[in-house]
Amino acid sequence: MHSRGQEHLKVLLRSSVVQKRVREMGQQISKDFKGQRVHLIGVLKGAAIFLSDLIRQIRVEVSLDFMAVSSYGDGSQTSGQVRLVKDLDTSIEGLNVIVVEDILDTGLTLGYLLRVLQQRKPKSLRIAALLDKPERRIKDVKADYVGFQIPNEFVVGYGLDYAERYRNLKDVCVLSLPPS
Ligand code: IMP
Ligand code: MG
């Protein structure tokens with residue numbers, strides 16, 4: 001248990017456990033798309049760390065693009081609104097697209113992104129999410145590749161932030177905030 005001010009961090013998923021699972025996810029994707037090419041779309045910024053590990057575990061031809069959306073404010077409460085902040089650089093028409101996201105929570109972000117991307121006629125469209133909090137789902141979205149299902153707690157580390165902090169932690173940790 002570390003702490004910063006009144007915030008407490010408790011390790012939920014050790015770095016070694018995360019690395020092993022990411023390797024398996026990469027192997028699964030490589031198997032599913034054997035002989036084909038995949039186009040990864042990283043959802044900034046949270047997925048950046050996961051994506052950088054995942055892409056190196058993929059053994060088929062792969063290309064990369066990024067999107068950014070804003071759904072949360074600076075804190076840990078969802079606003080329920082999703083806005084496209086950065087669009088793709090290139091067309092995805094005819095490509096095997098895998099959207100790479102840090103966490104599937106309410107499903108509002110990915111629900112929105114899938115709708116936008118589907119209109120652009122990819123050959124296939126899948127989701128890879130490192131974490132999944134099924135208890136929190138509002139919109140019915142399912143990821144094709146899930147690293148870990150986790151309980152309904154706020155987590156940080158391995159790319160995930162709280163007000164832009166903690167993305168650099170190697171482990172995924174539960175963050176407890178002081179009562180406000
Ligand atoms: P959704 O739209 O509710 O599914 O939320 C997805 C986005 O909310 C993720 O990409 C994260 O940026 C953020 N988010 C949801 N849960 C957490 C969490 O436990 N820690 C950090 N960010 C989270
Ligand atoms: Mg995010």
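For ligands, and for the atoms within them, numbers begin at 1 and follow the listed sequence. Residue numbers count from 1 along this sequence.
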Inset, instruction - For the residue pair Glu7 and Tyr166, confirm or rule out a side-chain donor-acceptor distance under 3.5 Å. - result: yes
Inset, instruction - Consider ligand 1: state whether an atom of it lies below 4.0 angstrom from any non-hydrogen atom of Lys133. - result: yes
Inset, instruction - For ligand 1, note which part of Arg136 has a heavy atom under 4.0 Å away: side chain, backbone, both or neither. - result: neither
Inset, instruction - Please determine which of Ile103, Val69, Ile127 meets the side-chain contact (heavy atoms from CB on, under 4.5 Å) test together with Val43. - result: Val69
Inset, instruction - Say whether Gly107, considering both its backbone and side-chain N or O atoms, lies within less than 3.5 Å of an N or O atom on ligand 1. - result: yes
Inset, instruction - Work out whether the distance between some heavy atom of Gly46 and some atom of ligand 1 is less than 4.0 Å. - result: no
Inset, instruction - For ligand 1, indicate whether the residue Asp161 contacts it via side chain, backbone, both or neither (heavy-atom separation under 4.0 Å). - result: backbone
Inset, instruction - Number the atoms of ligand 1 from 1 as they appear, then name those within less than 4.0 Å of a heavy atom of Leu160, with their elements. - result: 20 (N), 21 (C), 22 (N)
Legend entry - Tyr158 and Phe50 aromatic ring geometry - parallel, tilted or perpendicular at 30°/60° bounds: tilted
Legend entry - Candidate with minimal heavy-atom separation from atom 11 (C) of ligand 1, of Val69, Val82, Val156, Ile103: Ile103
Inset, instruction - Using side-chain contact (heavy atoms from CB on, under 4.5 Å) as the criterion, point out the one residue from Val38, Val100, Leu51 that pairs with Leu64. - result: Leu51
Legend entry - Those atoms of ligand 1 less than 4.0 Å from some heavy atom in Thr106: 1 (P), 2 (O), 3 (O), 4 (O)
Legend entry - Electrostatic pair Asp132-Lys142, nearest N-O below 4.0 angstrom: no
Inset, instruction - Decide whether an N or O pair under 3.5 Å exists between Val155 and ligand 1. - result: yes
Inset, instruction - Kindly identify the option in Leu44, Ile138, Thr109 whose heavy atom sits closest to atom 6 (C) of ligand 1. - result: Thr109
Legend entry - For Glu153, atoms of ligand 1 separated by under 4.0 Å from a heavy atom: 19 (O)
Inset, instruction - State whether the side chain of Asp65 and the backbone N or O of Ile41 hold a donor-acceptor pair below 3.5 Å, judged by distance alone. - result: no
Inset, instruction - Can you figure out which of Leu108, Leu110, Asp132, Asp102 has its heavy atom closest to atom 12 (O) of ligand 1? - result: Asp102
Legend entry - Sidechain N-carboxylate O distance under 4.0 Å for Arg56, Asp53: yes
Legend entry - Short side-chain to backbone donor-acceptor contact, Asp161 and Arg167, under 3.5 Å: no
Inset, instruction - Keeping the roles fixed (side chain from Arg136, backbone from Asp105), state whether a donor-acceptor pair exists under 3.5 Å. - result: no
Inset, instruction - Check each atom of ligand 1 against the heavy atoms of Glu101 and keep those under 4.0 Å away; list them by number with element. - result: 10 (O)
Inset, instruction - For Asp105, take its heavy atoms, then give the atoms of ligand 1 lying under 4.0 Å from any of them. - result: 1 (P), 3 (O), 4 (O), 5 (O), 15 (C), 16 (N)
